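A quick write-up on the structure given underneath.
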Amino acid sequence: SPEGEERREPPQASVSNGGDKDSGRELVELKVIWNKNKYDVKFCLDSTGAELKQKIHSLTGLPPAMQKVMFKGLLPEEKTLREIKVTNGAKIMVVGSTINDVLAVNTPKEAAQQEVKAEENKKEPLCRQKQHRKVLDKGKPDDVMPSVKGVQERLPTVPLSGMYNKSGGKVRLTFKLEQDQLWIGTKERTEKLPMGSIKNVVSEPIEGHEDYHMMAFQLGPTEASYYWVYWVPTQYVDAIKDTVLGKWQYF
């Protein structure tokens, strides 16, 4: 009869995931997204957020404690998916790194730092580097000022002359203390630099001629701004650094 037909209900459809334990319980289809990977997951609506985290762990290897699971905000662990209104096709975002990922990120970084240190330790002396070799290979200038080994002297009252710059041209250094300036003079022109504008002074003995140094004045923020001077007599190196960097004022 029509009444009988109305009462007859179709059998309850149960979505099965093959032989899994959620068979017969109401499942929801989720898209779990982690680290650019997407996983299609069928999961029981009455399972909790904590249980979903275990499932995510089995998929990704990401321990529950390291997972941040997002569905309309942070997924509460104690509530069921039904309670937080997860529906079919819902996207579940997972943020977190596995222990291996963390180690993989740190190890190359540490290794790279160690390599840099090793590289610095075995760094060849400046005087062997190509850019400096082409000047040093010209040999010691005939008119360079004589050097005195093992002695530190005050700056001479006359300009330091007879040295080369990086283009192999002759250069002289004049220390104008009353004006707080260093004058770098070449045949073409004289640069008048306020001492305060020189960021640093570096020097290194010239191999085979340790009584002379190559020296650089840093005129800008990077090493690219170094102004190189070759064949500086060793007895004046400390006085030049102290004068330019301002330490002489405290003596």
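For this chain, numbers begin at 1 and follow the sequence in order. Note that this is a predicted model, so its numbers are computed, not measured.
Glu178 places a side-chain heavy atom less than 4.5 Å from the side chain of Lys176. Residues Val144 and Met163 are in side-chain contact: their nearest non-hydrogen atoms beyond the backbone lie under 4.5 Å apart. Looking at heavy atoms from C-beta onward, Trp34 lies out of side-chain contact with Leu59 at the 4.5 angstrom threshold. Two residues are said to be in side-chain contact when any heavy atoms from C-beta on lie closer than 4.5 Å; Leu173 and Phe217 meet this criterion. Side-chain contact between Leu30 and Val86 is present, with heavy atoms from C-beta onward closer than 4.5 Å. Within the 4.5 Å cutoff, the side chain of Leu81 has heavy atoms near those of the Leu52 side chain. Using a 4.5 Å cut-off on side-chain heavy atoms (C-beta onward), Ile84 and Pro76 make contact.
Leu193 and Trp183 are not part of a single hydrophobic cluster, where members link through side-chain heavy atoms under 4.5 Å apart. Hydrophobic clustering (side-chain heavy atoms under 4.5 Å, transitive across Ile, Leu, Val, Met, Phe, Trp, Tyr) keeps Met145 apart from Val151. Cluster membership for Ile56 and Met70, using ILVMFWY side-chain heavy atoms within less than 4.5 angstrom, is not shared. The hydrophobic clustering, which links ILVMFWY residues whose side-chain heavy atoms are closer than 4.5 Å, places Leu155 and Val148 apart. Leu177 and Ile240 end up in the same hydrophobic cluster when Ile, Leu, Val, Met, Phe, Trp and Tyr side chains are linked at under 4.5 Å.
With rounding to the nearest 0.5 Å, the separation of OH in Tyr230 from NZ in Lys166 is 8.0 Å. Between the CG atom of Leu245 and the CG atom of Asp242 there is a distance of 7.5 Å, given to the nearest 0.5 Å. Of the inter-residue distances, the one linking Lys91 atom NZ with Lys38 atom NZ reads 6.0 Å to the nearest 0.5 angstrom. Residue Arg128 holds its CZ atom at 9.0 Å from CZ of Arg133, rounded to the nearest 0.5 Å. Rounding to the nearest 0.5 angstrom, the gap separating the CD1 atom in Ile33 from the CE atom in Met93 is 5.0 Å. Rounding to the nearest 0.5 angstrom, the gap separating the NE2 atom in His213 from the OG atom in Ser147 is 9.5 Å.
The salt bridge (charged side-chain N to carboxylate O under 4.0 Å, His left out) test applied to Asp46 returns Arg82, not counting sequence neighbours.
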* List the steps, then state whether side-chain contact (heavy atoms from CB on, under 4.5 Å) holds for Leu160 with Val229. => CA-CA 11 Å; Leu160 280 174; Val229 177; over 6 Å; no

* **Audit row: Phe175, Met195, side-chain contact (heavy atoms from CB on, under 4.5 Å) steps and yes/no** => CA-CA 9 Å; Phe175 296 89; Met195 300 281 194; 4.2 Å; yes

* Quick one: do Lys170 and Arg172 satisfy side-chain contact (heavy atoms from CB on, under 4.5 Å)? Show the steps, please. => CA-CA 7 Å; Lys170 281 292 178 70; Arg172 71 184 170 278; over 6 Å; no

* To do: Go through the steps to decide whether Lys31 and Asp40 satisfy the test side-chain contact (heavy atoms from CB on, under 4.5 Å), and finish with yes or no.
  => CA-CA 5 Å; Lys31 271 203 184 307; Asp40 290 314; 2.8 Å; yes

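Cation-pi geometry between Lys140 and Tyr212 is not met: the NZ or CZ atom fails to fall both under 6.0 Å from the ring centre and inside 45° of the normal.
Scanning all heavy atoms of the two residues, the minimum distance from Trp228 to Met214 falls at CZ3-CE, 3.7 Å. Ile198 approaches Leu182 most closely through the heavy-atom pair CD1-CD2, 3.8 Å. Among all heavy-atom pairs drawn from Val28 and Thr87, the shortest one is CG2-C, 3.4 Å. For the residue pair Thr174 and Pro159, the shortest heavy atom distance occurs at OG1-CB, 3.4 Å. Contact detail for Val237 and Ser203: the closest heavy-atom pair is CG1-OG, 3.5 Å. When all heavy atoms are compared, the tightest approach of Tyr164 to Gly139 is CE1-O, 3.6 Å.
Without hydrogens or angle criteria, Gln235 side chain to Pro146 main chain gives a donor-acceptor distance under 3.5 Å. Here the side chain of Lys138 pairs a donor or acceptor atom with the backbone of Gly168 at under 3.5 angstrom. Here the side chain of Gln218 pairs a donor or acceptor atom with the backbone of Pro221 at under 3.5 angstrom. A side-chain donor-acceptor contact under 3.5 Å links Glu210 to the backbone of Gly208. A donor-acceptor pair under 3.5 Å is formed between the side chain of Gln67 and the backbone N or O of Leu62.
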